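Report on one structure; see the data block that follows.
Note: hydrogens, waters and symmetry copies are ignored here, and every other heavy atom, side chains too, is used. Everything numeric here is computed off the predicted structure, so don't read it as measured data.
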Amino acid sequence: MTAPALSNALKSILTKAGVDNPDGDTTEIIRAVTGFSRIDLLTRSDEALDDTLTQKAIDLARRRAGGEPIQYVIGSWSFMGRDYLVGEGVLIPRDDTEVVTRAAIDWIKPLPHPAIVDLCAGSGIIGVTLKKERPDATVYAVEKSDVAYDYLCRNTALNQADITTVHADLRDCADQFRDESLDLIVSNPPYIRSDEIETLQSEVQYEPRLALDGGKDGYIFYELILRLWTKKLKKGGCIAFEIGEGQFDTIAGMLRDHGYADIKGYLDLSGIKRAITAVLQI
């Protein structure tokens, strides 16, 4: 079977299942199985594919048709130009997280040898990106989940990022860091209200609840981080959070209560405030 013929077969499977983007998912599956680039899909269209590869692609399409996220199906995803391994048990990289990551990059630009901690690090997309953007930075990545921590370690190796990974609950490891030792605390914590999780789209239901559930009101991890980690930040240092829709004002108030000022919000492509930064008062 050629790539175009396989593409038609996969699209048929996905379309019948009502998948939102059958064309895009088909391309991702074929690329993952064959290793073809997008150009290869055009220039090698007459090339017969091995039956084993064909069957593997069909099996992946059936998994996607069953509702499994395309990122888990193919086992990797791109974030800000770098590839990350992902699978069941780790939060899927999303474009939303680019907002807080870029805000963090801008903050550390003028700093010599910044010290950074990424809390609730998950697959490592924030910590790895910051380290690659600033090789002179000292970056720590803290993750509680056994499965997610494994992906974190594999992704730091995959991207050759010299990061110190910490396998711990953020509640338990703050004392491992000296007071006033960090220039930046960054986090994409769980921020969805507990009672909202069951209402999310089916693909999200595959993702670990541990990475989604922000407690009854969605703010439990922001409060924990501010209470336990603020003293680890240098005076004049920055804290940067990814936030959910409609959470900016409440989190800004929490930041003020913990001694932060110069509070800024950052919009995603939909015009939603998706990140917030603040500076610890001197």
Side-chain angles (χ1 to χ4, degrees), residues 91 94 96-108 111 114-122 125-127 130 140-145 166 168-197 200 209-268 270-282:
L91 193 69
R94 288 180 169 82
D96 289 344
T97 305
E98 186 171 335
V99 181
V100 70
T101 305
R102 291 197 180 279
I105 290 170
D106 288 344
W107 172 261
I108 62 175
L111 302 181
I116 303 163
V117 66
D118 174 15
L119 301 174
C120 306
I125 58 174
I126 297 177
L130 295 179
Y140 303 92
V142 176
E143 175 54 49
K144 174 184 177 180
S145 161
V166 181
D169 189 316
L170 64 83
R171 299 173 180 88
D172 303 327
C173 66
D175 288 343
Q176 297 179 26
F177 294 78
R178 289 185 296 105
D179 290 355
E180 299 186 28
S181 63
L182 299 171
D183 295 288
L184 172 68
I185 296 171
V186 61
S187 182
N188 174 21
Y191 55 72
I192 300 172
R193 293 204 322 258
S194 300
D195 61 3
E196 286 186 351
I197 292 177
L200 301 176
R209 189 178 183 105
L210 182 67
L212 300 171
D213 193 341
K216 184 177 180 180
D217 60 5
Y219 297 110
I220 185 172
F221 285 94
Y222 298 106
E223 179 59 39
L224 282 169
I225 291 169
L226 290 171
R227 178 164 54 84
L228 298 175
W229 287 84
T230 290
K231 62 185 177 181
K232 306 302 174 181
L233 198 61
K234 297 175 183 177
K235 296 297 189 292
C238 178
I239 195 162
F241 288 130
E242 179 171 326
I243 61 176
E245 184 174 358
Q247 291 185 325
F248 178 85
D249 289 340
T250 298
I251 295 173
M254 294 165 64
L255 286 162
R256 293 188 192 97
D257 290 344
H258 283 84
Y260 292 86
D262 193 20
I263 298 169
K264 298 178 181 178
Y266 302 79
L267 304 180
D268 64 16
S270 299
I272 296 167
K273 286 183 179 177
R274 187 60 64 182
I276 188 169
T277 63
V279 177
L280 188 60
Q281 295 182 37
I282 298 174

* Please report the shortest heavy-atom distance between I126 and N188, naming the atom on each side. => CD1-CB, 4.1 Å
* Can you name the nearest heavy-atom pair linking G215 to D213, along with the distance? -> N-OD1, 2.8 Å
* Asked: Do you know the tightest heavy-atom contact between L228 and A174?
  -> O-CB, 3.8 Å
* To do: Flag the pair L280 / I239 as yes when at least one side-chain heavy-atom distance between them is below 4.5 Å, and no otherwise.
  => no
* Structure fact -> Taken in chain and number order and not counting sequence neighbours, the residues that satisfy ring-ring contact (aromatic ring centres under 6.0 Å, His included) with F177 are Y140, W229
* Under a 4.5 Å cut-off applied to non-hydrogen side-chain atoms, are R171 and L224 in contact? -> yes
* To do: State, with a plain yes or no, whether a side-chain heavy atom of K232 is found less than 4.5 Å away from one of D175.
  => yes
* Does some side-chain heavy atom of L212 sit less than 4.5 Å from a side-chain heavy atom of P190? -> no
* Enter the distance from Q281:CD to H258:NE2 here, rounded to the nearest 0.5 Å. => 13.0 Å
* Asked: Can you list the residues that meet the side-chain hydrogen bond (donor to acceptor under 3.5 Å, both in side chains) rule with K234, with sequence neighbours excluded?
  -> D183
* Asked: Do R274 and Y266 come within less than 4.5 Å of each other through their side chains, counting heavy atoms only?
  -> no
* Got a sec, which residues hit salt bridge (Lys or Arg N to Asp or Glu O under 4.0 Å) with K216, two or more places apart in sequence or on another chain? -> none
* **Lys/Arg-Asp/Glu bridge criterion (N-O < 4.0 Å) met for D217, R193** => no
* Which atom names give the shortest non-hydrogen contact between A168 and V142, and what distance separates them? -> O-CG1, 3.5 Å
* Asked: Under 4.5 Å between any side-chain heavy atoms of Y260 and V279, yes or no?
  -> no
* Does V117 reach the side chain of V186, with side-chain heavy atoms less than 4.5 Å apart? -> no
* What pair of heavy atoms forms the shortest contact from S187 to L119, and how long is it? -> OG-O, 2.9 Å
* How many angstroms lie between atom CG of D96 and atom CD of E245, to the nearest 0.5 angstrom? -> 10.0 Å
* Asked: Step by step, would you call I105 with L130 a side chain to side chain contact (heavy atoms under 4.5 Å, CB included)?
  -> CA-CA 6 Å; I105 290 170; L130 295 179; 3.6 Å; yes
* How close do G214 and I220 get, heavy atom to heavy atom, and via which atoms? -> O-CG2, 2.8 Å
* Could you state the interatomic distance from CG (L255) to CG (D262), rounded to the nearest 0.5 Å? -> 11.5 Å
* **Residues E180 and K235 bridged, charged N to O under 4.0 Å** => yes
* Excluding sequence neighbours, so at least two apart, what forms side-chain hydrogen bond (donor to acceptor under 3.5 Å, both in side chains) with K144? -> D169
* Any chance you could lay out the side chain to side chain contact (heavy atoms under 4.5 Å, CB included) test for V166 and E143, step after step, and finish with the verdict? => CA-CA 6 Å; V166 181; E143 175 54 49; over 6 Å; no
* Asked: Is there a donor-acceptor pair closer than 3.5 Å between any side-chain N or O of R209 and the backbone N or O of S194?
  -> yes
* **side-chain hydrogen bond (donor to acceptor under 3.5 Å, both in side chains) partners for Q247, two or more places apart** => none
* Within a strict 4.5 Å, meaning less than it, do heavy atoms of the I263 and T277 side chains meet? -> no
* **Nearest-0.5 Å distance, CZ of residue F248 to NZ of residue K264** => 11.0 Å
* Asked: SG of C120 to CG of L91: how many Å apart, nearest 0.5 Å?
  -> 10.5 Å
* Asked: Rounded to the nearest 0.5 Å, what separation is found between the CD1 atom of I251 and the OH atom of Y219?
  -> 6.0 Å
* Under the ring-ring contact (aromatic ring centres under 6.0 Å, His included) test, residues paired with F241 that sit two or more places apart -> Y222
* E242 and Y191: side-chain donor and acceptor closer than 3.5 Å? -> yes
* Asked: Counting heavy atoms not belonging to E196, are there more than 12 under 6.0 Å from its CD?
  -> yes
